[in-house]
There are 2 protein chains.
Amino acid sequence: MADSSYQDLRQLHLFEAMADDHFAALMRCAFVQTFPPQVELITEGDPSDFLHIVLSGAVDLFSIWNGRETSMATVRPISTFILAATIRDAPYLMSARTLEKSRIALIPSEEVRTVFGVDDGFARAIVSELAQCYRSVIKAQKDLKLRSSTERLANYLLRAQLRTGGQAEFHLGMEKRRLASVLGVTPEHLSRAFRGLQSHGVLAEGARIRIEDRSKLERYARPNPLIDDAAS
Amino acid sequence: MADSSYQDLRQLHLFEAMADDHFAALMRCAFVQTFPPQVELITEGDPSDFLHIVLSGAVDLFSIWNGRETSMATVRPISTFILAATIRDAPYLMSARTLEKSRIALIPSEEVRTVFGVDDGFARAIVSELAQCYRSVIKAQKDLKLRSSTERLANYLLRAQLRTGGQAEFHLGMEKRRLASVLGVTPEHLSRAFRGLQSHGVLAEGARIRIEDRSKLERYARPNPLIDDAAS
DNA sequence: CGCCCGGTTGACAAAACTCAATCCCCGTGG
DNA sequence: CCACGGGGATTGAGTTTTGTCAACCGGGCG
């Protein structure tokens, strides 16, 4: 593995506290691969052979049932996905595909579980990571069950503005059809939801979004730290 | 704490692998309390002062936003709730209330974190528990995003039948208004969804449900292990 | 007995989806 | 350089799903 990747990974919160030789052991059987966009990395239901880590690019976690598909989350550098499946040695609950050209590190799940069994710092880091993931999903579920689609879009835009640096004008990081899937609506409906937010100060021109008056949008969206704050 | 409660807790997967003296330390500052029905045990947004464990009865985890309320999960004996908040020392994301008269064990979060820091078996047990919780919520989210309300009800009934022992006739463990909230619909809509399932072999008379022909209902519901199986 | 409350029903309204047509950007190839 | 084609985005019309409001039913309990 390239030295730069090695260093990037070592600094991940997940690997920070573990013993050097255990980290080295993980890295020995890990490898990094670059994938073009739109490649399916894993398929739900498959056994979890590798822990995946996004080093660059972006990965979409999605799921299919009865011919319908929905996007569950986007994974951006540098973070892992399907940690829970790896730890429990259980099948993937979601599929994953690259959104852009992406560099992915793969660590055999077997080896992750072995090191988990012997390295206490690693075990505790995993607790922290999983607790974080759990709380994120709970927030997503509250978003889904308590808000209308337009309210979800409004709050999504408020979060996206912060994530991209807080400028009044920013760029949606994805196609609108995929944003629709993330929000749990059809692309047509999303289009109408955007129009519905015009009166609350949202200007959308393609993927470029402009929030004219954040506090006005907030009055409509009513963001809540227990749903929308990334931290905590 | 009563000796029987002590033994019950000790056998929990979460506490099984930990050192005796660490378990004893947790128990020393823990206490068990019995609550009547409909008591609010915790409120979302509050700091997570205690890890809660349901010893008997049942607890509803719910959440409120902008005047709307939704039921997120039901906790039945013997299991914990708000473990993630305790570990991260973060505010509760959900509120909790007793559904019936319930015995609840409370362990100060501070103490849980302390023992987590020193007992490796406990730390690993928490990993396993959190990974399980995480996967459960992911399944719930797939259920919500990929299925219509009637499909959710149909699959819920199939799961409930298995959970209660597999008899053709069984009892809903809760009021229908709460089931509606769990499924993310209004009580009126749930009522209509039940009627819609009559043609798929579901007979509902109050809280008593009868599934005339499970395979017929399954043809409609299309249950999927990656959404509906409790294990894995 | 009569009240209260959960459940059901009906009528209507709002939200969201479907299908089809069109637009428009962008990249390709002539 | 421009015409063409493809795919995402938008728009419109109509349908389905879900929610709202009000009325009513019926069992359990004081």
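Excluded from the calculations below are hydrogen atoms, water molecules and symmetry mates; all remaining heavy atoms, backbone and side chain alike, are included.
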- Message: Please determine whether salt bridge (charged side-chain N to carboxylate O under 4.0 Å, His left out) holds for the pair B:R210 and B:E169, giving the CA-CA distance in whole Å, both sets of side-chain angles, and the decisive distance to 0.1 Å.
- Response: CA-CA 4 Å; B:R210 184 175 179 82; B:E169 194 162 322; 3.1 Å; yes
Distance check needed: [N] [atom2] versus [X] [atom1], whole Å only.
X	N	atom1	atom2	value
A:K176	C:dC25	NZ	P	12 Å
A:L172	D:dG8	CG	P	16 Å
A:L99	D:dG8	CG	P	13 Å
B:F194	C:dG6	CZ	C1'	14 Å
B:E151	D:dT18	CD	C1'	14 Å
A:L190	C:dA15	CG	P	16 Å
B:L153	D:dT17	CG	C1'	15 Å
B:R178	C:dG7	CZ	C1'	16 Å

- How long is the gap from CG on B:L162 to CG on B:D229, to the nearest 0.5 Å? 8.5 Å
Would you indicate which nucleotide in [options] comes nearest to any side-chain atom of [X]?
X	options	value
B:R192	D:dA9, C:dG6, C:dA11	C:dA11
B:R195	C:dA16, D:dT18, C:dT9	C:dT9
B:R177	C:dT8, D:dT11, C:dG7	C:dG7
A:H189	C:dC17, C:dG6, D:dT10	C:dC17

- OP1 or OP2 of C:dA16 under 4.0 Å from side-chain N/O of A:T186: no
- Does B:S149 put a side-chain nitrogen or oxygen below 4.0 Å from OP1 or OP2 of D:dT18?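 True: B:S149 side-chain N/O within range (under 4.0 Å) of D:dT18 OP1/OP2.
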- Item | Carboxylate-amine/guanidinium proximity below 4.0 Å for B:D8 and B:R103 |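 Not counted as a salt bridge, because no side-chain N and carboxylate O are separated by less than 4.0 Å.
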- Task: Would you mind classifying the nucleic acid contact of A:E188 as base, sugar-phosphate or nothing, using non-hydrogen atoms under 4.0 angstrom?
- Result: base
- Looking across every strand, which nucleic acid part, if any, lies under 4.0 Å from B:G184 by heavy atom: base, sugar-phosphate, or nothing? sugar-phosphate
- Message: Pick the closest DNA chain C nucleotide for B:S191 and for A:R147 by heavy atoms, then say which residue is nearer the 5' end.
- Response: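 Going by which nucleotide is closer to the 5' end, it is B:S191.
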- Message: Check the orientation of B:F81 and B:H52. Use parallel for under 30°, tilted for 30 to 60°, and perpendicular for over 60°.
- Response: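 Rings of B:F81 and B:H52: tilted, 30 to 60°.
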- Heavy atoms from other residues, nucleotides or ligands near CZ of A:R208 exceed 12 (cutoff 6.0 Å): no
